[in-house]
K.L.:
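Quick one: structure below, then a few questions.
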Amino acid sequence: MRFEPRFSKSGAPRARNLRLVGAMCALVASAALVTGCGEDSGKASSEATSKAAKSVPKEAPTESPTGSASLTQDQQERKALLATTKVTYDKAATTAVGKVSGGKLTDLDLDGVDDGDDDTDDDDASASPSGSPSPSGSAGTPQWVAEVAEKDGTVHHVRIDAVSGKVISSAPDSDQDAEDKKETADWLSRVKQTPEQAAKTATDKKKGTVTSIGLDDNDNKALVWSVDVVTDDWNKTDFDIDAVKGNITREHVDRD
């Protein structure tokens, strides 16, 4: 016995049409739902991708120059010192030369970069020309230490606060003898390149901050301006610039 309903010939086509229409409506509704979900999903996916792209750097260097964990001790010290230094080398040079009538700069160092050595006596560093303690010469303040020579070769030591730009102390070199003065005067008579020109030559070759510049002679007894430049990776590059011709004779990167 069959339990399936029988349909008359006259009713079968109508039922079949109703089922077809119902199926088509369901199909349209389903397609609309899928499309809506696809749009929402695509929008959400696009927003997520955009946020992710913003959070990821364009380049992923193996070692970040600004990350403290990846810097050597010397690099960290350079970074910390330059972060507090407000007076640039050229402004310090102008201030130092202004303290010595007719003087010319022969040496300028940002005290604290690497070894922090200089030729200035401790007594000169902690006292003003009158011998009284300087109010701005605190131990934690970065300082520019300059040597400015008169025409006869007499050298004066000048300390400048690298934050305020004020002169901390200025005094002649008490240890300089006649031979030293003669040599300094001879060097100054032969120099053709100014310290500013030498510094520009160095920074044109490698962008960075000048932390030291000094007149010296090399192994060949040629006069050179020795210029130190700290680059944005906190390495220090030492340049020798011919003090007569102005060309670079030596370049060395200190990566410690």
Side-chain angles (χ1 to χ4, degrees), residues 72 74-75 77-78 81-82 88-94 96-97 100 102-121 143-160 172-256:
T72 66
D74 284 345
Q75 289 172 325
E77 290 175 355
R78 293 169 195 147
L81 183 64
L82 291 179
T88 57
Y89 92 92
D90 52 335
K91 291 182 179 180
T94 300
V97 170
V100 180
K104 291 185 178 181
L105 185 74
T106 58
D107 195 87
L108 181 65
D109 296 289
L110 183 58
D111 197 6
V113 174
D114 298 335
D115 54 21
D117 292 336
D118 59 76
D119 296 331
T120 307
D121 294 337
Q143 300 175 9
W144 285 103
V145 183
E147 291 184 1
V148 181
E150 298 180 43
K151 188 175 182 179
D152 67 354
T154 301
V155 171
H156 295 251
H157 295 293
V158 184
R159 277 186 176 268
I160 300 167
D173 184 356
S174 58
D175 295 331
Q176 192 179 25
D177 58 24
E179 190 66 27
D180 292 334
K181 292 182 181 181
K182 181 180 179 180
E183 181 182 56
T184 301
D186 176 62
W187 283 7
L188 290 177
S189 68
R190 292 161 51 195
V191 168
K192 302 299 181 184
Q193 295 289 311
T194 66
E196 291 78 13
Q197 288 173 320
K200 185 178 186 303
T201 298
T203 53
D204 281 349
K205 180 66 182 299
K206 186 163 289 189
K207 301 299 181 183
T209 302
V210 175
T211 59
S212 177
I213 183 167
L215 187 61
D216 202 353
D217 58 353
N218 60 19
D219 294 338
N220 298 322
K221 300 302 179 181
L223 285 179
V224 295
W225 285 106
S226 295
V227 184
D228 291 350
V229 178
V230 175
T231 46
D232 57 6
D233 57 4
W234 309 113
N235 288 322
K236 179 168 67 73
T237 302
D238 305 322
F239 290 95
D240 279 354
I241 314 295
D242 191 298
V244 177
K245 300 177 181 179
N247 59 298
I248 298 173
T249 60
R250 188 184 71 90
E251 178 180 347
H252 172 72
V253 180
D254 181 0
R255 301 185 184 279
D256 293 337

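Any value given below was found using the heavy atoms of this structure, including those in side chains, with hydrogens, waters and symmetry copies removed.
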K.L.:
Assess the residue pair His157 and Glu147 against the criterion (side-chain contact (heavy atoms from CB on, under 4.5 Å)); give the C-alpha distance rounded to whole Å, side-chain angles, the decisive distance to 0.1 Å, and a yes or no.
P.N.:
CA-CA 5 Å; His157 295 293; Glu147 291 184 1; 3.5 Å; yes
K.L.:
Locate the shortest heavy-atom distance separating Val227 from Ala202; write the atom from each residue and the value.
P.N.:
CG1-CB, 3.8 Å
K.L.:
Rounded to the nearest 0.5 Å, what's the gap from CD on Glu77 to OG1 on Thr72? Could you check?
P.N.:
8.5 Å
K.L.:
Check the pair Leu110 / Tyr89 against side-chain contact (heavy atoms from CB on, under 4.5 Å), numbers first and verdict last.
P.N.:
CA-CA 8 Å; Leu110 183 58; Tyr89 92 92; over 6 Å; no
K.L.:
Locate the shortest heavy-atom distance separating Trp144 from Thr88; write the atom from each residue and the value.
P.N.:
CZ2-C, 3.9 Å
K.L.:
Do Asp173 side-chain atoms and Asp175 backbone N/O form a donor-acceptor pair below 3.5 Å?
P.N.:
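Side chain of Asp173 to backbone of Asp175: a pair is present.
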K.L.:
If you take all heavy atoms of Gly214 and Asp107, which pair is closest and at what distance?
P.N.:
CA-OD1, 3.5 Å
K.L.:
Which pairs pass salt bridge (Lys or Arg N to Asp or Glu O under 4.0 Å) with one or both residues in residues 184-194, sequence neighbours excluded?
P.N.:
Asp186-Arg190
K.L.:
Enter the distance from Thr203:OG1 to Phe239:CZ here, rounded to the nearest 0.5 Å.
P.N.:
8.5 Å
K.L.:
Using side chain to side chain donor-acceptor pair (under 3.5 Å) as the criterion, list what pairs up with Asn220, not counting sequence neighbours.
P.N.:
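Partners of Asn220 by the side chain to side chain donor-acceptor pair (under 3.5 Å) criterion come out as none, since no residue qualifies.
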K.L.:
What closest approach, in Å, do Ile160 and Ala96 show between heavy atoms, and which atom pair accounts for it?
P.N.:
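Residues Ile160 and Ala96, closest heavy atoms: CD1-N, 3.7 Å.
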K.L.:
Which distance, rounded to the nearest 0.5 Å, do you find between the CH2 of Trp225 and the OG1 of Thr194?
P.N.:
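Taking CH2 in Trp225 and OG1 in Thr194, the distance rounds to 8.0 Å.
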K.L.:
Holding to side chain to side chain donor-acceptor pair (under 3.5 Å), I want the full list of residues that pass it with Thr211, two or more places apart in sequence or in another chain.
P.N.:
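Applying side chain to side chain donor-acceptor pair (under 3.5 Å) to Thr211 gives none.
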K.L.:
If you look at every heavy atom in Ile213 and Ala198, which pair is closest and at what distance?
P.N.:
CD1-CB, 4.2 Å
K.L.:
Sequence neighbours excluded, which residues qualify as side chain to side chain donor-acceptor pair (under 3.5 Å) partners of Asp240?
P.N.:
Ser226, Arg250
K.L.:
Not counting sequence neighbours, which residues clear side chain to side chain donor-acceptor pair (under 3.5 Å) with Thr154? List them please.
P.N.:
Asp152
K.L.:
What is the minimum heavy-atom distance between Gly103 and Val97, and which atoms define it?
P.N.:
O-CG1, 3.4 Å
K.L.:
Quick test of your reading: applying salt bridge (Lys or Arg N to Asp or Glu O under 4.0 Å), list the pairs with at least one residue in residues 205-220, sequence neighbours left out, ordered by first then second residue.
P.N.:
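Every pair satisfying salt bridge (Lys or Arg N to Asp or Glu O under 4.0 Å) with a residue in residues 205-220: Lys205-Glu251, Lys206-Glu251.
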K.L.:
Using 0.5 Å steps for rounding, measure from the CG atom of Asp254 to the OG1 atom of Thr237.
P.N.:
8.5 Å
K.L.:
May I ask you to say whether Lys236 pairs ionically with Asp74, meaning some side-chain N is under 4.0 Å from a carboxylate O?
P.N.:
no
K.L.:
May I ask you to decide if Gly153's main-chain N or O and Gln176's side chain share a donor-acceptor pair within less than 3.5 Å?
P.N.:
yes
K.L.:
If you round to the nearest 0.5 Å, how far is CG of Leu105 from CG of Leu188?
P.N.:
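The CG atom of Leu105 is 10.0 Å from CG of Leu188, to the nearest 0.5 Å.
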K.L.:
What distance do Arg255 atom CZ and Asp233 atom CG have between them, rounded to the nearest 0.5 Å?
P.N.:
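One finds 7.0 Å between CZ of Arg255 and CG of Asp233.
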K.L.:
Of Val244, Leu215, Thr106, which meets side-chain contact (heavy atoms from CB on, under 4.5 Å) against Val191?
P.N.:
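Between Val191 and the candidates, side-chain contact (heavy atoms from CB on, under 4.5 Å) is satisfied uniquely by Leu215.
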